Undergrad: 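Take a look at this one; I'll ask things after.
In each ligand, atom 1 is the first atom listed, and ligand 1 is the first ligand listed. Remember, it's a predicted structure, so these values are computed and weren't measured experimentally. Heavy-atom basis, side chains included; hydrogens, waters and symmetry copies ignored.
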Amino acid sequence: MSESSHSMSQVSVIGLGSMGAGIARALVDSGCRVTVWNRSREKVDALVDYGATGCEVPAEALEANDHVIVCLTDYSVWRRLIEEHGLASRFADTCIIQLTTGTIEEVQEHASMVEGHGGRIADGAVMCFPSQLGTDDASLLVSGAPAVLEDCDRLLRRLDANWTDLGEDIRKPAILSRALIAGMVTSLVGLVNGVAICRAGGVPLDVFVKLNERGNSIIPAEKTRLAEAIRDGLTEETEASIKAWGEGHQALLAVAATLGTNLVLQDAVQEVCQQGHRMGISEHDLSALVDVFDAGSG
Ligand SMILES: NC(=O)c1ccc[n+]([C@@H]2O[C@H](COP(=O)([O-])OP(=O)(O)OC[C@H]3O[C@@H](n4cnc5c(N)ncnc54)[C@H](OP(=O)(O)O)[C@@H]3O)[C@@H](O)[C@H]2O)c1
């Protein structure tokens, strides 16, 4: 690695919400000298008690170290801080490791701005809970120029020993993290919807919890199978077609309607299946629904 062990052991963290504080703590735990700034002073004080050095203003955090991790609510908060505190003039020769969740446009605009002021940029997405950082369950996706990523490697490994290098295209963490969230959020919202249906139908939730766990045991393997079928162009052959899933879902819609639960989720899934039907792929595997979602198909 090109970075000296001296400079790699020091880093600033701007933003000490749940995730920023988790990042700062994991870095302190790993033996890093960590400088922190946060709008609310009590969170700085808590980190100082934990072993970090506190700053009064964000500019101090930028001055303190060559590597600065930013983790705030969103990019607009960071943009406002840059403007209000004149931070851009301090980006020269600094590596900003941006771990705030952002849109493709925000990520690109931010990278140009940092580089335009002589700074270096690594943009990342955290795909785990704060308490998982620094453990085997950590998951960090990061993009940046090869030299920047090489420079950040030892620091990133303190948070996630197996962080994912997504290469030079700065948009990739925003894209991949949201793509992964798509599967998580719909299945978790679906689960909550299922609980509401049980509640409305008088089924004890303990029974739901037990059987849900059993039913879900097939899901990880099925998720992998679907993604691989799409990757390999094998979306036609199936033992459970879009039509079969759609009919099962139609029955769910009818049950939910009878029980009077909100149908907004079922209506959306039904529409996806119907679009597949209109495209003539009803007899294909569920993975063929990728045709419904592909860019420009809507
Ligand atoms: N929490 C998670 O499990 C998780 C997981 C993956 C990714 N993330 C991402 O991590 C990022 C931070 O999330 P979080 O959970 O840490 O959020 P959070 O707990 O709500 O913390 C938000 C942070 O932004 C600061 N902030 C908000 N408005 C501000 C303003 N106007 N001026 C200055 N600072 C301001 C807050 O400062 P104050 O303390 O002063 O309010 C705090 O440091 C987000 O982009 C999120 O998507 C979070």
Undergrad: Looking only at the side chains, is there a donor atom on one of Q10 and H67 sitting less than 3.5 Å from an acceptor on the other?
TA: no
Undergrad: Output, or 'none' if empty, a list of ligand 1-protein atom pairs in which both atoms are N or O and the distance is under 3.5 Å, rounded to 0.1 Å.
TA:
unit_1: ligand 1; atom_1: 16 (O); unit_2: S18; atom_2: N; d: 3.1
unit_1: ligand 1; atom_1: 16 (O); unit_2: M19; atom_2: N; d: 2.8
unit_1: ligand 1; atom_1: 19 (O); unit_2: S18; atom_2: N; d: 2.9
unit_1: ligand 1; atom_1: 19 (O); unit_2: S18; atom_2: OG; d: 3.3
unit_1: ligand 1; atom_1: 24 (O); unit_2: T73; atom_2: N; d: 3.2
unit_1: ligand 1; atom_1: 24 (O); unit_2: T73; atom_2: OG1; d: 3.1
unit_1: ligand 1; atom_1: 31 (N); unit_2: R39; atom_2: NH1; d: 3.3
unit_1: ligand 1; atom_1: 39 (O); unit_2: N38; atom_2: ND2; d: 3.0
unit_1: ligand 1; atom_1: 39 (O); unit_2: K43; atom_2: NZ; d: 2.6
unit_1: ligand 1; atom_1: 40 (O); unit_2: R39; atom_2: NE; d: 3.0
unit_1: ligand 1; atom_1: 40 (O); unit_2: S40; atom_2: N; d: 3.0
unit_1: ligand 1; atom_1: 40 (O); unit_2: S40; atom_2: OG; d: 2.4
unit_1: ligand 1; atom_1: 41 (O); unit_2: R39; atom_2: NH2; d: 2.9
unit_1: ligand 1; atom_1: 43 (O); unit_2: L16; atom_2: N; d: 3.2
unit_1: ligand 1; atom_1: 43 (O); unit_2: G17; atom_2: N; d: 3.1
unit_1: ligand 1; atom_1: 43 (O); unit_2: N38; atom_2: OD1; d: 2.6
unit_1: ligand 1; atom_1: 45 (O); unit_2: L72; atom_2: O; d: 3.2
unit_1: ligand 1; atom_1: 45 (O); unit_2: T73; atom_2: O; d: 3.3
unit_1: ligand 1; atom_1: 45 (O); unit_2: T101; atom_2: N; d: 2.8
unit_1: ligand 1; atom_1: 45 (O); unit_2: T101; atom_2: OG1; d: 3.2
unit_1: ligand 1; atom_1: 47 (O); unit_2: T101; atom_2: OG1; d: 2.6

Undergrad: Would you say M127 ends up clustered with V107 if hydrophobic residues are merged whenever their side chains have heavy atoms under 4.5 Å apart, either directly or through other cluster members?
TA: no
Undergrad: Tell me which donor-acceptor pairs under 3.5 Å the side chains of residues 174-183 have, and how far apart each pair is, sequence neighbours excluded?
TA:
unit_1: S177; atom_1: OG; unit_2: P173; atom_2: O; d: 2.7
unit_1: S177; atom_1: OG; unit_2: A174; atom_2: O; d: 3.3

Undergrad: One pair to check against side chain to side chain contact (heavy atoms under 4.5 Å, CB included): R157 and W163. What are the steps and the verdict?
TA: CA-CA 7 Å; R157 275 197 276 139; W163 65 275; 3.7 Å; yes
Undergrad: Is the shortest side-chain N to carboxylate O distance from D123 to K172 below 4.0 Å?
TA: no
Undergrad: Report the distance from atom CG of L133 to atom CZ of R158, rounding to the nearest 0.5 Å.
TA: 14.0 Å
